[in-house]
A.B. asks: 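Take this structure, written in structure tokens, and hold onto it; I'll ask about it next.
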There are 2 protein chains.
Amino acid sequence: MATIQDVARDAGVSTATVSRVFSAPELVLEPTRLKVMESVTRLGYEPNFAAKSLRTLRTEKILVTVPDISNPFFSQVIRGVEEAALAAGYSVLLGDTRHEEAREEQYAAMFRRKEADGLIFLGHRLPDVLAEMVAAKGARTPIVNGCEFRPGLAVSSAHIDNEGAAAEVVEYLYGLGHTRVGVVTGPLASPISSDRLAGVLSAAQRHGRTSALRIAVGDFSIESGVRQAGELLDEPGRPTAIFCFSDEMAMGALEAIRQRGLRCPDDVSLVGFDDIRFAQYLEPKLTTVSQPMEQIGHEVVRLLLDILADRASALQNVTLPHRLVVRASTGPPPV
Amino acid sequence: MATIQDVARDAGVSTATVSRVFSAPELVLEPTRLKVMESVTRLGYEPNFAAKSLRTLRTEKILVTVPDISNPFFSQVIRGVEEAALAAGYSVLLGDTRHEEAREEQYAAMFRRKEADGLIFLGHRLPDVLAEMVAAKGARTPIVNGCEFRPGLAVSSAHIDNEGAAAEVVEYLYGLGHTRVGVVTGPLASPISSDRLAGVLSAAQRHGRTSALRIAVGDFSIESGVRQAGELLDEPGRPTAIFCFSDEMAMGALEAIRQRGLRCPDDVSLVGFDDIRFAQYLEPKLTTVSQPMEQIGHEVVRLLLDILADRASALQNVTLPHRLVVRASTGPPPV
DNA sequence: GTTATCGATGATTTCGATTACATCGGAGCG
DNA sequence: CGCTCCGATGTAATCGAAATCATCGATAAC
């Protein structure tokens, strides 16, 4: 592959001029520019990325870590990230952490090695080395959190009002006449789960129905939905409505409901969370909380670009709008 | 951030020794190594990636382009790619092309700029600039194709026997007694679709039932499944079985079946393709062709690593095993 | 005892671009 | 007419690590 020297020699100019043709064309005379461009195309020159990066200390890459790329919720967020990043001239380095701390740290090391200009993490944990960076550089650290919001982390973030959304769901179920509500949460270590649970509890409290709540802890997977919803259904005083903290778990719950010969929503109402593309094609179509997944992706990139461009002075924790989408999986409780 | 010079000074050795501690520790005496390592940890040194990359001409990155990351089939393949790449010390640069040629070319340029050591593309198109590289360097070009197989492209690939699998499905349906079979394909420009269609046609021919076939062209999306399957169902002489070339389209077909008050499999049998995680949680559970998605990801990385390590002399087109998974969405035709 | 050999380490060049600074010729001004 | 200034371009330092080649002391061989 031709280098900038080859082009300079071929065009009879200095390397500085060739460089300027790319990075500041207004500084070079049109005839010179054309001469250079001709050599560029003839030799098939492309600036070497590593050399440029070494000199400028910029990689034009964003590292995105995600707990599970095969989860449609995350892959949709990633899609938004990718789109916004590309539009701003950045490309996306993907890290699937598989919920494992070891991998999170592996990617943290990549970031420290300056393999990316910024980091977007969609999980809830921030490896220690990165927490140190944040502690040292504060709001100027190019690290942003997506989907989750944990105040202690001291990084900017974009997410929905998880607590409010969950409360809304419970209010909605109470409004339909349900009293015994089962909840399948995600791992409680993540704010995404604990915030939603807080919303559930506060709604239950408002209605004095805390004791009629049944809580089961899942892990956002379909299988845990089958299992945990199944346990709720098998308890005496079966809930007439189940609220799962992800659509995937709701798919599992639907399976558990069917396995027991029950019908949804006639015997058990079901609510999911996320509104992944498949939610509206389930049978029955799933009532769920819609999250603006691509928008979260866009927003999180915007926050990061602000930091990278030194436009961000303070932390920003952006709350994006959610929406309860009522479909066919919910109805009044059986009489 | 500390540089190699800082460490060398701090440890009282030359930069060469520090470098060796990382890249060839067996060449340096244990006491020296420990002394260096101590400085490394004290200063929090991490080798600068761009500098290393410039010198070695390697990026330890694999660029993966995919037509749609939010498609569970692709995200599962990506998962396999990511895993295998990480295990080999590579990280993954993700490119979502959204089926758009412009984006494919944008990523092709990245590859030419040497932002990645190798390219895995999961679509069916190879941008011209890359085709030129392949033409020039032959089987040593670090470009590999996943999921699809187009002989003309002259790159190694990993995929299933799409033609055989599709033929198998049709044979299975004929075996159940179906005679009028509808097929919803993907875009015929991609071998993934045309190969499967070829399989369908050859099976139909063997049974002399070509004229009873109904073909509709979809685009792999749920919505196109609803639409195209709907059209097949509305034609006179409604098919008693529908074969969709993706599970997502089968989900759409299921919706179309329900919209018409028909039941699956009693009135219409349904077969999908891919066996995405959700297939077995649909109602009815979907009969489909299982593709080893993560394995395709692993294999494609292996092929690429072979090329990068200069172990690959000839093109390899690896066919991985598929499996027809019979579930509840298929049965004998109505009497 | 001299020399070839080898293992450990250091000095220096190199990778390919960016960029601060230098240069040079011509326009503008008094 | 001479000086300043400016626009266009060139020169050369620089980014941080890797790798080649040089060095030096010690050991082994004869």
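So you know, we letter chains A, B, ... as the sequences are listed, proteins then strands, and number each from 1. Source: prediction; values computed, not measured.
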A.B. asks: Using the closest heavy atom to pick a nucleotide of DNA chain C for each, name whichever of A:Lys52 or B:Leu57 lands nearer the 5' end.
C.D. replies: B:Leu57
A.B. asks: With nearest nucleotides of DNA chain C determined for B:Val28 and A:Leu54 from heavy-atom distances, which residue corresponds to the more 5′ nucleotide?
C.D. replies: B:Val28
A.B. asks: Could you tell me how far apart B:Glu26 (CD) and C:dT9 (P) are, to the nearest whole angstrom?
C.D. replies: 13 Å
A.B. asks: In whole Å, what is the span from the CZ atom of A:Arg58 to the P atom of C:dA17?
C.D. replies: 17 Å
A.B. asks: Report the distance from atom CD of B:Glu30 to atom P of C:dA8, rounded to the nearest whole Å.
C.D. replies: 12 Å
A.B. asks: Output the single nucleotide from C:dT12, C:dA20, C:dT18 whose closest atom is nearest the side chain of A:Ile4.
C.D. replies: C:dT18
A.B. asks: Please compare B:Ala50 and B:Thr15 by the position of their nearest nucleotide in DNA chain D and report the one closer to 5'.
C.D. replies: B:Ala50
A.B. asks: Could you tell me whether the phosphate oxygens of D:dT9, OP1 or OP2, come under 4.0 Å of any side-chain nitrogen or oxygen in A:Thr32?
C.D. replies: yes
A.B. asks: Do B:Arg20 and B:Glu26 meet the salt-bridge criterion of a basic N to acidic O distance under 4.0 Å?
C.D. replies: no
A.B. asks: Would you kindly give the CZ-to-C1' distance between A:Arg20 and C:dT18, to the nearest whole Å?
C.D. replies: 10 Å
A.B. asks: So, do B:Tyr90 and B:Lys61 sit near enough that their side-chain heavy atoms are less than 4.5 Å apart?
C.D. replies: no
A.B. asks: Counting side-chain heavy atoms from CB outward, which of D:dA18, D:dT20, D:dG10 is closest to B:Thr56?
C.D. replies: D:dA18
A.B. asks: Can you see if the side chain of A:Tyr45 gets near the phosphate of C:dG16 - specifically, an N or O under 4.0 Å from OP1 or OP2?
C.D. replies: no
A.B. asks: I'd like to know whether the aromatic ring centres of B:Phe22 and B:Tyr45 sit less than 6.0 Å apart in this structure.
C.D. replies: yes
A.B. asks: Under 4.0 Å, heavy atoms only, any strand: does A:Leu29 hit a base, just the sugar-phosphate, or nothing?
C.D. replies: sugar-phosphate
A.B. asks: Check every strand shown and say whether B:Val18 touches a base, only sugar-phosphate, or nothing at a heavy-atom separation below 4.0 Å.
C.D. replies: nothing
A.B. asks: Report which part of the nucleic acid B:Phe49 touches: base, sugar-phosphate, or nothing (heavy-atom distance under 4.0 Å, all strands).
C.D. replies: nothing
A.B. asks: Checking contacts here: which listed nucleotide (D:dT11, C:dA17, C:dG10) is nearest the side-chain heavy atoms of A:Asn48?
C.D. replies: C:dA17
A.B. asks: For A:Glu46, report the nucleic acid contact type (base, sugar-phosphate, nothing); a contact means any heavy atom under 4.0 Å.
C.D. replies: sugar-phosphate
A.B. asks: Would you say B:Leu94 and A:Leu93 make side-chain contact, with heavy atoms under 4.5 Å?
C.D. replies: no
A.B. asks: Please tell me whether B:Tyr107 and B:Arg112 have a donor and an acceptor in their side chains that are separated by less than 3.5 angstrom.
C.D. replies: no
A.B. asks: Just call it for A:Phe22: base, sugar-phosphate, or nothing, with non-hydrogen atoms closer than 4.0 Å on any strand.
C.D. replies: nothing
A.B. asks: Between A:Ser157 and A:Asn145, do the side chains contain an N or O donor and an N or O acceptor separated by less than 3.5 Å?
C.D. replies: no
A.B. asks: Closer than 4.0 Å, any side-chain N/O of A:Ser53 to the OP1 or OP2 of C:dA17?
C.D. replies: no
A.B. asks: What I want to find out is whether B:Glu82 reaches A:Arg98 closely enough, with some N-O distance under 4.0 Å, to be called a salt bridge.
C.D. replies: no
A.B. asks: Taking only side-chain N and O atoms of A:Ser23, does any of them lie within less than 4.0 angstrom of OP1 or OP2 on C:dT18?
C.D. replies: no
A.B. asks: What integer distance in Å separates A:Leu27:CG from C:dT19:P?
C.D. replies: 11 Å
A.B. asks: Write down the distance between NZ (B:Lys114) and C1' (C:dA17), rounded to a whole number of angstrom.
C.D. replies: 13 Å
A.B. asks: Please report, rounded to the nearest Å, how far the C1' atom of D:dA18 is from the CD atom of B:Glu60.
C.D. replies: 13 Å
A.B. asks: I want to verify a distance call: between C:dG16, C:dT12, C:dA20, whose nearest atom is closest to the A:Ala51 side chain?
C.D. replies: C:dG16
A.B. asks: To the nearest Å, how far apart are B:Arg113 CZ and C:dG16 C1'?
C.D. replies: 15 Å
A.B. asks: Test for a donor-acceptor pair under 3.5 Å between the base of C:dG16 and the side chain of B:Arg55, counting only N and O atoms.
C.D. replies: no
A.B. asks: Can you check whether A:Thr3 has a side-chain N or O nearer than 4.0 Å to OP1 or OP2 of C:dG16?
C.D. replies: no
A.B. asks: Can you tell me if the side-chain N/O atoms of A:Ser19 get under 4.0 Å from OP1 or OP2 in C:dT18?
C.D. replies: yes
